[in-house]
Amino acid sequence: MLTFHSESTKLRRAKTELNEGLLMTPFECPERVDLVLERVRASGLGPVQAPTRFGLEPVLAVHDRDYVEFLASCWEEWKAAGMAGEAIPNIWPSRSMPGVRIPEHIEGRLGHYAQTGETSICANTFEAAEVSKDIALSALGHTLESGEPSFGLCRPPGHHASSNQFGGYCFFNNAAIAAEQALRHGHSRVAVLDIDFHHGNGTQEIFYARDDVIVVSLHGDPLHCFPYYLGHADETGSGRGEGFNVNYPMPPGTDYARWSAALDEGLARIRQVGAELLVVSLGVDTFEHDPISSFKLRSDDYPDVGRRLAALGLPTVFLLEGGYAVEEIGINVVNVLSGFDAALARVE
């Protein structure tokens, strides 16, 4: 399996995250890339290749232009305003305020475009997000051209980024950008399967009223787990998209038996709608020792995840989402990919 990677994804080196009332070093850090890349190379998964640059047109196909322009200028505006630290949102429009306007001051604009308060914007955030999206599109391009699976070692991740807001360490929604690009290159229906511990609220928002992309997400119950608010089982799409958003929220402590049963249901739904290509939002923060999650999957469960995905029989693109800087992140990511490859080899 071909892996796409760029050292430029590590340009974003945020120093601050608001967590449990404390400012701390973010869980989402450049070292995650090193741990995964080391395992990719040690396992002999396949070649590692640099991405092609794609510009902003694919981004603007799923994200609002004013939001993209904000991300491009935020850090410089923040510094020009004399702010001492990283750009951390601390004020949002209240639900009780009708007719709210977008402020001109960078602090107000930051709150307007932020979902959450834990994710800071620092130097090179926009540049890293651009490269991450290029990795996703390069992986997609390889799969579209060859039919072979591919892995995009994306960082920052993307699935929390909505059409016009960032949060959960995400700025551009890599999976949504890739799915939209596949549609524009001739596919009539694409599946996005999100197996990260946290609900892909941004991906859901982007495609919620559409029937050309089915979004299936397995995640922690939003009554108890970040990002809260979205991800309930009764959120099934709207208008033409009714039935094309499928959520499997599960409680803290969920083990592989329960989780894999939900996966099988989700894969059956993808088969039912006739998807032609699979984009996997590959989060391995379902791991039992992940620092910010509460599922109980083990490292030796992940090859079976790959085997189940391969049984779907679709051209498949894997894009890295969550899974934090514990030593096993590389093991768990590559176990999924190796399990997928091994299953394909048996079929051939």
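All heavy atoms count here, side chains included; hydrogens, waters and symmetry mates do not.
Here the rule is side chain to side chain contact (heavy atoms under 4.5 Å, CB included) with Thr203, and of Val279, Asn173, Val213 only Asn173 fits it.
Side-chain contact between Leu218 and Leu193: present, with at least one pair of heavy atoms (C-beta onward) separated by less than 4.5 Å. Side-chain contact between Phe171 and Thr125: present, with at least one pair of heavy atoms (C-beta onward) separated by less than 4.5 Å. A heavy-atom distance below 4.5 Å is found between the side chains of Phe70 and Ile121.
Looking only at distances, no side-chain donor or acceptor of Asp64 sits under 3.5 Å from a matching main-chain atom of Asn164. Counting only distance, with no hydrogens or angles, the side chain of Ser138 and the backbone of Thr52 share a donor-acceptor pair below 3.5 Å. Between the side chain of Thr119 and the backbone N or O of Gly168 there is at least one donor-acceptor pair closer than 3.5 Å. Within the 3.5 Å criterion, the main-chain N or O of Ser238 finds no donor-acceptor partner in the side chain of Glu242. Looking only at distances, a side-chain donor or acceptor of His63 sits under 3.5 Å from a matching main-chain atom of Ser162. Judged purely by atom type and a 3.5 angstrom limit, Glu38 has no side-chain atom pairing as donor or acceptor with the backbone of Gly330. In this structure, the side chain of Asp255 engages the main chain of Arg258 through a donor-acceptor pair within 3.5 Å. Remark: side-chain polar atoms of Glu86 are paired, donor with acceptor, to backbone N or O of Lys15 under 3.5 angstrom. Not a single donor-acceptor pair under 3.5 Å links the side chain of Asp196 to the backbone N or O of Val284. Under the 3.5 Å distance criterion, the side-chain polar atoms of Glu17 are left unmatched by any main-chain donor or acceptor of Ser120.
Using a 4.5 Å cut-off between side-chain heavy atoms of Ile, Leu, Val, Met, Phe, Trp and Tyr, with links allowed through other members, Leu2 and Phe54 fall into different hydrophobic clusters. Using a 4.5 Å cut-off between side-chain heavy atoms of Ile, Leu, Val, Met, Phe, Trp and Tyr, with links allowed through other members, Val131 and Val62 fall into different hydrophobic clusters.
Heavy-atom contacts from other residues, nucleotides or ligands closer than 6.0 Å to CZ of Arg308 number more than 12. Environment of CZ in Arg240: sparse, with no more than 12 heavy atoms of neighbouring residues, nucleotides or ligands closer than 6.0 Å. The local environment of CG in Leu60 is crowded, with over 12 non-hydrogen atoms from other residues, nucleotides or ligands closer than 6.0 Å. Annotation for Glu104: atom CD does not count as buried by contact number, only 12 or fewer foreign heavy atoms lying within 6.0 Å.
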Next item on the list: Using the side chain to side chain contact (heavy atoms under 4.5 Å, CB included) rule, take Val305 and Trp259 through it: C-alpha gap first, then chi angles, then the decisive distance, then the call.
Entry: CA-CA 10 Å; Val305 175; Trp259 188 91; 3.7 Å; yes
Item checked: CA sep, side-chain torsions, deciding dist, call: Ile177, Val59, side chain to side chain contact (heavy atoms under 4.5 Å, CB included) -> CA-CA 6 Å; Ile177 291 167; Val59 176; 4.0 Å; yes
Item checked: side chain to side chain contact (heavy atoms under 4.5 Å, CB included) between Arg307 and Arg346, worked out -> CA-CA 10 Å; Arg307 289 190 288 269; Arg346 282 197 295 272; 3.4 Å; yes
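Ring-plane geometry between His198 and Phe226 is classed as perpendicular, the angle between the planes exceeding 60 degrees on a 0 to 90 degree scale with a lower cut at 30.
For Ser217 against His199, the heavy-atom pair with the smallest separation is OG-CD2, 3.5 Å.
Residues Phe318 and Phe340 place their aromatic rings such that the two centres sit under 6.0 Å apart. Taking the centre of each ring, Tyr169 and Tyr324 come in below the 6.0 Å mark.
The residues Glu77 and Arg109 are annotated as salt-bridged, a charged nitrogen and a carboxylate oxygen being separated by less than 4.0 angstrom. We find that Arg210 and Asp212 are joined by a salt bridge, their nearest charged nitrogen and carboxylate oxygen being less than 4.0 Å apart.
Rounding to the nearest 0.5 Å places CG of Leu144 at 10.0 Å from CG of Leu137.
Using modelled atom types and a 3.5 Å distance limit, the side chains of Thr9 and Ser132 yield no donor-acceptor pair.
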